[in-house]
Amino acid sequence: METLIAALAERPLAQAFDAAVGVIAAARGRVIVTGMGKSGLIGRKIAATLASTGTPSMYIHPAEASHGDLGMITSDDMVLALSWSGETTELSDIVTYCGRFGVPLVVITSRGDSTAGRAADICLALPRAPEACPNQLAPTTSTTLQVVLGDALAVALVERRGFSATEFRVFHPGGKLGAQLLTVADVMGHGEELPVIGLDASLMEATIEMSRKRYGSTAVVDGDGRLIGAFTDGDLRRSITSASLDDNIVRHMTVRPLAVGPAMLASEALRVLNENAVSLLFVCDDGRLIGAVHLHDILRAGVA
């Protein structure tokens, strides 16, 4: 790892790396990743990482490419080929195809003077570090260097494109990661689900509205739909012994209730709920009430 970091800091590889990022970013089509054996397995991982971070990508097996899969590569694509030796026979047809049809070719290898390295438009020459295998044969160090360089390319492209967490979620809707990227807008109640009354409502009307909905609270809004206050179960208990049901709700509501924006991450909203020891947040856009999010909504979505 330290060897690769040092090599990336050196001028030749650093310049080639920057050029490779530029070629990938400029491709109108996909990044076609290819490699044989263990390099192929690393290539599959690189393709998956690129695709999940906003760079359309796919892996093509070099042997299958020679039997028709070359047709998957278009003039809008670019090819990223992995070969530690740079002499992988199975890559020859893809390399030839790229040269014939002007498809940009970036090669990751340890030998810049190899057949693949010389044929590349850009050669990312990794340091020739010995394998960690006792016999210095099994791909170990080499595959680690390849995957680190692949991840570095992906991260550089994320930064170059300004790929956001919101965009990331589009490609990761499932599992714990997808849940952590949910926004308040994704889990909030709105429309008919939303308990809401006007400033002219009575204590009785507020109690009925709160009881009809599932939140244990109702929002109080002005004529423009702006959130002014909230009437909660706690407010009802505090007022029931001394108030008249005909009282105006303004006398008994909580002023300036907690509110968040719809773009806030649900995980952040959970933190706000916990820090304030409440179970409900109202959701406002430019001051106007648009929804409500309950602690149970967030937990039900898998955010914890």
Side-chain angles (χ1 to χ4, degrees), residues 164-170 172-304:
S164 68
T166 301
E167 293 171 298
F168 191 83
R169 179 178 168 259
V170 173
H172 299 78
K176 190 68 175 178
L177 183 56
Q180 291 299 322
L181 293 171
L182 288 172
T183 65
V184 166
D186 295 317
V187 297
M188 73 181 188
H190 56 89
E192 290 299 317
E193 300 176 285
L194 188 60
V196 58
I197 56 172
L199 285 169
D200 58 349
S202 67
L203 178 58
M204 175 178 288
E205 290 171 326
T207 302
I208 292 173
E209 177 68 0
M210 181 173 62
S211 301
R212 287 196 313 116
K213 307 296 172 66
R214 63 183 178 87
Y215 292 103
S217 178
T218 183
V220 183
V221 300
D222 65 14
D224 293 324
R226 295 184 177 277
L227 181 66
I228 303 301
F231 184 68
T232 68
D233 282 330
D235 294 325
L236 177 61
R237 287 192 298 271
R238 284 185 289 272
S239 64
I240 197 65
T241 57
S242 59
S244 166
L245 291 176
D246 293 327
D247 282 353
N248 185 273
I249 194 58
V250 173
R251 295 180 55 189
H252 304 285
M253 71 181 186
T254 297
V255 180
R256 294 185 294 276
L258 284 172
V260 297
M264 174 182 281
L265 289 176
S267 57
E268 177 67 9
L270 180 61
R271 183 190 63 78
V272 174
L273 288 168
N274 289 331
E275 288 183 353
N276 291 275
V278 295
S279 60
L280 180 69
L281 293 171
F282 290 107
V283 185
C284 294
D285 186 10
D286 194 26
R288 289 181 171 80
L289 181 71
I290 61 171
V293 58
H294 195 278
L295 172 66
H296 293 164
D297 297 326
I298 297 175
L299 296 179
R300 192 179 301 114
V303 180

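A quick note: this is a predicted structure, and the numbers were derived from the prediction, not measured.
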Check whether any side-chain N or O of Asn274 sits under 3.5 Å from a backbone N or O of Arg271 as a donor-acceptor pair, and report yes or no. no
Between Thr183 and Leu265 (side chain of the first, backbone of the second, donor and acceptor by atom type, cut-off under 3.5 Å), is there such a pair? no
When Val184, Leu295, Val260 are each screened for side-chain contact (heavy atoms from CB on, under 4.5 Å) with Leu281, the one that passes is Val260
To the nearest 0.5 angstrom, please state how far the CZ atom of Phe282 sits from the CG atom of Leu194. 7.0 Å
Is there side-chain contact between Ile249 and Thr218, with at least one heavy-atom pair below 4.5 Å? no
Answer whether the closest heavy-atom distance between the side chains of Pro195 and Glu209 falls below 4.5 Å. yes
Nearest 0.5 Å please: distance from the CG atom of Leu273 over to the CG atom of Leu258. 8.0 Å
Counting only N and O atoms by type, is there a donor-acceptor contact under 3.5 Å from the side chain of Ser202 to the main-chain atoms of Glu205? yes
Return yes when atom CZ of Arg212 has more than 12 non-hydrogen atoms of other residues, nucleotides or ligands closer than 6.0 Å, and no otherwise. yes
Asp224 backbone acceptor or donor facing Asp222 side chain under 3.5 Å: yes
What distance do His252 atom NE2 and Arg238 atom CZ have between them, rounded to the nearest 0.5 Å? 11.5 Å
Within a strict 4.5 Å, meaning less than it, do heavy atoms of the Met253 and Ile228 side chains meet? yes
Donor-acceptor contact present, side-chain Arg237 to main-chain Thr232, <3.5 Å: no
Trace of the side chain to side chain contact (heavy atoms under 4.5 Å, CB included) decision for Val283 with His190: CA-CA 9 Å; Val283 185; His190 56 89; over 6 Å; no
Any ion pair linking Arg300 and Asp297 (charged N to carboxylate O, less than 4.0 Å)? yes
